[in-house]
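Here is the structure we will look at.
Lettering follows sequence order; numbering is per chain, from 1.
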Amino acid sequence: VLTMPMELTQSRIQKIWLPNDNRPALPRRSCGPQLANSPTVIVMVGLPARGKTYISKKLTRYLNWIGVPTKVFNVGEYRREAVKHYSSYDFFRPDNEEAMKVRRQCALAALRDVKLYLTEEAGQIAVFDATNTTRERRGMILNFAKENGFKVFFIESVCNDPTVVASNVREVKLSSPDYRDCNSTDAMEDFMKRINCYQASYQPLDPDDYDRELSLIKVIDVGRRFLVNRVQDHIQSRIVYYLMNIHVQPRTIYLCRHGESEFNLKGKIGGDSGLSNRGKKFARALNKFVEEQNLKDLKVWTSQLKRTIQTAEALQLPYEQWKALNEIDAGVCEEMTYEEIREQHPEEFALRDQDKYYYRYPSGESYQDLVQRLEPVIMELERQENVLVICHQAVMRCLLAYFLDKSADEMPYLKCPLHTVLKLTPVAYGCRVESISLNIEAVNTHRDRPEEGKKGPNPLMRRNSVTPLASPEPTKKPRINSFEEHVAVSSALPGCVPQEVPSQLPGQ
Amino acid sequence: AWASYMTNSPTLIVMIGLPARGKTYVSKKLTRYLNWIGVPTKVFNLGVYRREAVKSYKSYDFFRHDNKEAMEIRKRCALVALQDVKAYLLEECGQIAVRLFCAEYGFTFGRDLILSFAKENAFKVFFVESVCDDPEVIAANILEVKVSSPDYPERNRENVMDDFLKRIECYKVTYQPLDPDAYDKDLSFIKVINVGQRFLVNRVQDYIQSKIVYYLMNIHVQPRTIYLCRHGESEYNLVGKIGGDSGLSPRGKQFAQALKKFIEEQEIVDLKVWTSQLKRTIQTAESLGVMYEQWKILNEIDAGVCEEMTYGEIEVKYPDEFALRDQEKYLYRYPGGESYQDLVQRLEPVIMELERQGNVLVISHQAVMRCLLAYFLDKSADELPYLRCPLHTILKLTPVAYGCKVETITLNVEAVNTHRDKPCLNSNTLPAGHSPVRMRRNSFTPRASADTVKRPRHYSVGSKPLDLVGPFPSLE
């Protein structure tokens with residue numbers, strides 16, 4: 001029987017061609033390979049204050065933004081749920097058997113949640129954020145992964161520079177819930193002793209010998225050097241590339257749109273019009289603003305559309321034009337007003353409001369397409385230091401969603417008004433954002449989410465068609481109720497004798 | 001404004017490692033990739049200089065570290081090569097010079113020479129070291145490429161293998177691998193261990209080094225085949241319209257059937273099939289009855305305002321644009337659309353993933369296929385838009401030695417011809433006010449990797465002879 005090429009229909013929101021026959025569906029790969037592959041557990045390794053949580057959160061934010069459902073499982077948070085009050089570093093002493101038991105239970109609880117996330121909650125990558133400094137603990141995780149058919153990728157952070165460690169401690173540890181009742185000096189002292197507790201039993205990854213079969217990356221001295229072993233697949237390769245491009249130097253990223261354009265005034269979308277008078281005023285105000293910021297070495301990036309370039313020209317600084325920063329292509333709707341679109345393409349207009357993230361303009365793009373297009377921009381932003389990006393509304397929403405960890409759902413509705421600069425500075429585990437309006441009037445181009453935000457059917461995922469998910473809230477489930485009584489009395493009492501004597505388990 | 005990476009210091013990539021570690025392979029491949037993404041790059045192979053200087057190769061004795069006269073020759077060749085590198089980077093607008101540096105004259109000396117040369121000239125240096133301790137890999141390398149080397153014109157295989165292994169032993173005496181913990185800790189480099197099983201990366205300085213590292217980490221040497229073809233003939237093809245999103249014509253559907261049969265006959269293990277998101281490629285893939293992935297970035301070049309017009313209509317409606325395109329087809333961007341240059345940038349992730357993969361069939365479009373082909377066959381920006389990619393024809397690419405074998409397979413289903421040759425231009429057709437195109441960030445211009453320079457003389461053209469004492473020593 002001849003199989004004739006099927007008649008195709010185009011999905012209404014994403015404009016994807018699919019066969020419309022009634023044959024049992026070909027096992028068409030509508031997800032990218034990384035989604036169809038086995039889920040992956042990323043295992044962080046390293047002494048405390050080596051940046052594991054920082055890397056975990058940042059990597060997770062990136063992976064979710066490019067559309068790979070990822071979640072962090074931080075064992076320390078499980079521990080804080082289980083042991084309501086942290087007294088001192090004694091909890092982490094290797095001879096504190098009771099505490100060891102609790103810590104092991106926390107690790108197991110976290111692994112149970114990892115399994116749930118990867119097998120039942122459509123997670124693709126779970127980041128297991130703990131010290132994992134012993135072979136024994138890593139062996140246990142490898143067995144767990146093997147039993148469940150998960151891939152494992154280790155990320156070890158090695159750093160012996162005392163200034164870096166001290167700086168990390170100051171940046172994120174002193175403000176931890178563990179130390180809320182402590183002054184900084186005491187907290188610092190306690191934390192250093194806490195690190196010491198791990199030192200003796202720390203077995204770094206050994207890719208030359210013991211760990212030569214494992215897939216891993218060793219990040220040495222905050223990215224000065226990397227050791228990479230046995231990268232298995234596409235997503236691990238992307239993870240390695242990302243880790244090699246990020247840095248921790250303080251810097252500022254400024255995001256803004258072009259000055260108000262002629263088309264903005266008329267309510268037309270897309271096109272390639274020049275600045276209005278107010279837009280030119282904004283460009284001059286931006287120049288003044290940038291001067292006042294007094295930055296050394298500011299890079300300026302624009303799109304290749306006239307309105308961003310005109311804006312940059314007023315700055316009298318060298319700037320780079322990126323085609324990738326061009327506004328979302330509205331296809332057949334280019335240069336129309338929303339009213340005209342509603343009249344001439346009523347169905348398209350309605351569809352867009354129904355699912356603004358996935359919706360692709362006929363012969364144009366979707367926000368989902370934009371994210372893919374912008375990924376190299378994000379990668380280069382990570383490499384750079386001070387940058388001002390002059391772009392467009394939809395583009396700016398995508399970039400902002402990356403920095404502020406916003407989901408696909410929220411992204412198309414983020415507020416990015418004209419003549420307003422967003423100043424982003426990395427701080428602790430996230431990003432501080434300051435909104436600076438340059439006080440030049442402009443039209444409002446924002447359209448809120450319509451009242452009846454009826455969600456369409458679950459769209460198909462395609463290769464390199466990405467759906468950012470905001471990094472999910474960490475799961476904090478004690479799940480060790482039987483131990484709560486044991487540890488109700490402060491774990492700082494080493495003399496506390498448990499009912500059973502557990503075998504000595506080094507590790508978390 | 002000019003892209004900042006273009007105004008950065010030029011970079012000297014130094015390939016190091018014992019013989020038969022894949023240095024030439026990696027140099028050529030890396031150079032091909034860099035040129036394709038628009039970074040002018042050229043290889044300077046010391047072996048070529050040496051072969052010019054020493055007309056006949058006697059035996060591995062030449063490479064013994066105690067052979068002082070031979071050492072002298074090798075040193076001089078290295079210096080000549082460096083002069084050529086300097087000329088390329090400073091005077092010929094080269095951005096990257098890849099220098100094959102085969103453990104000459106005691107390694108640390110050589111390394112220091114390079115570093116001081118680079119410092120004098122404000123070049124960045126990035127080392128790529130290939131380290132291999134798997135004897136099977138080494139033997140395979142020797143058989144694959146060395147046997148056909150000019151060094152071994154008339155020997156039989158066993159002698160070659162034997163001689164070459166002895167040559168390696170000579171180098172081992174003086175070879176000092178990069179030492180990231182002490183002596184070389186401030187250098188920028190990547191150590192590739194056992195053909196990509198493991199990597200050590202130290203002090204990546206900039207964007208281009210980061211891309212080089214990423215590329216090296218994604219390539220592999222497993223045998224595999226890449227098939228490139230276009231969608232079957234489309235309805236628009238029949239009426240001569242470009243772009244759009246039409247379906248297959250009856251002959252196009254026939255082609256899809258023939259393609260299915262062809263694929264089955266090839267008996268390919270684990271074939272991945274990729275299409276664009278335009279109907280015509282998807283229809284073609286659907287008839288294969290296998291899984292396929294849709295990539296938006298494989299879509300045909302966007303012709304902007306000229307979409308869905310015939311060339312005749314474009315010539316009438318936009319005569320200036322039409323003329324401009326013929327003048328500079330690679331850089332020319334359709335109004336509201338794309339250029340080949342934009343396409344190359346768009347396709348870079350496809351190339352990167354093709355490097356990672358094994359057997360792949362890519363069903364795409366004329367301009368897209370030209371870009372991909374230019375990458376595999378090392379074609380320049382000039383040639384790229386005129387590469388022949390007819391409908392209903394499959395190009396079968398297999399990696400071999402330092403390059404790519406290409407086999408053309410016509411599936412004998414008639415189709416229209418969509419190819420336009422480069423027209424002969426006279427000055428009357430040039431529109432007024434055409435200014436040179438500026439380079440922009442991430443706007444790429446592939447150049448074919450230039451031929452390796454072979455200099456018989458002991459000094460470069462145009463520069464004064466090297467200040468060396470005395471005539472060349474004889475080898476006897």
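- Interatomic distance, B:Lys296 NZ to A:Asp369 CG, rounded to the nearest 0.5 Å: 4.5 Å.
- Expressed to the nearest 0.5 Å, how far CG of B:Asn194 lies from CZ of A:Arg212 amounts to 12.0 Å.
- Contacts of B:Leu278 with chain A are made by backbone atoms alone, with heavy-atom separations under 4.5 Å and no side-chain atom involved.
- Among the candidates A:Ile220, A:Asp233, A:Thr302, the residue making the largest number of heavy-atom pairs closer than 4.5 Å to chain B is A:Asp233.
- Heavy-atom distances place the side chain of A:Gln10, and not its backbone, under 4.5 Å from chain B.
- In this structure, the separation between CG on A:Leu18 and NZ on B:Lys279 is 12.0 Å, given to the nearest 0.5 Å.
- No donor-acceptor pair under 3.5 Å is formed between the side chain of B:Gln283 and the backbone N or O of A:Pro19.
- With values rounded to the nearest 0.5 angstrom, A:Leu227 atom CG is found 6.5 Å from B:Ile193 atom CD1.
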Practice prompt. Start with the C-alpha gap between A:Lys323 and B:Arg333, add the side-chain angles, then the distance that decides, and say whether side-chain contact (heavy atoms from CB on, under 4.5 Å) holds.
Written response: CA-CA 12 Å; A:Lys323 187 173 193 282; B:Arg333 184 186 282 169; 3.4 Å; yes
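- In this structure, B:Arg198 does not pair ionically with A:Glu213, as no charged nitrogen and carboxylate oxygen lie closer than 4.0 Å.
- Across A:Ala312, A:Gly270, A:Pro207, A:Ala324, the residue that shares the most heavy-atom pairs under 4.5 angstrom with chain B is A:Pro207.
- Neither the backbone nor the side chain of A:Val300 comes within contact range of chain B; no heavy atoms are under 4.5 Å apart.
- Heavy atoms of B:Glu308 lying under 4.5 Å from chain A are absent altogether.
- For B:Asp181 and A:Arg225, the salt-bridge test passes: some basic side-chain N is under 4.0 Å from an acidic carboxylate O.
- Interatomic distance, OG of B:Ser210 versus CD of A:Glu380, reported as 8.0 Å (0.5 Å rounding).
- Both the backbone and the side chain of B:Arg203 have a heavy atom closer than 4.5 Å to some heavy atom of chain A.
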Practice prompt. Tell me, with the steps shown, if B:Arg356 and A:Ser237 meet side-chain contact (heavy atoms from CB on, under 4.5 Å).
Written response: CA-CA 9 Å; B:Arg356 291 196 56 80; A:Ser237 163; 3.4 Å; yes
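- In this structure, chain B has a heavy atom under 4.5 Å from the side chain of A:Arg383, while its backbone stays farther away.
- For A:Asn229, the parts sitting under 4.5 Å from any heavy atom of chain B are the backbone and the side chain alike.
- Between B:Phe199 atom CZ and A:Ile217 atom CD1 the span is 11.0 Å, to the nearest 0.5 Å.
- Heavy atoms of A:Gln232 lying under 4.5 Å from chain B belong exclusively to its backbone.
- Heavy-atom distances place the side chain of A:Asp329, and not its backbone, under 4.5 Å from chain B.
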Practice prompt. Report the C-alpha separation of B:Tyr214 and A:Arg238 in whole Å, then their side-chain angles, then the decisive distance to 0.1 Å, and conclude whether the side-chain contact (heavy atoms from CB on, under 4.5 Å) test is met.
Written response: CA-CA 9 Å; B:Tyr214 186 46; A:Arg238 294 280 287 273; 3.5 Å; yes
Discussion item. Determine whether A:Trp17 and B:Gln277 satisfy the following criterion, side-chain contact (heavy atoms from CB on, under 4.5 Å), listing intermediate values before the conclusion.
Written reply: CA-CA 7 Å; A:Trp17 288 105; B:Gln277 283 182 3; 5.9 Å; no
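- Ranked by non-hydrogen atom pairs under 4.5 Å with chain A, the options B:Asp245, B:Asn299, B:Val204 are led by B:Asp245.
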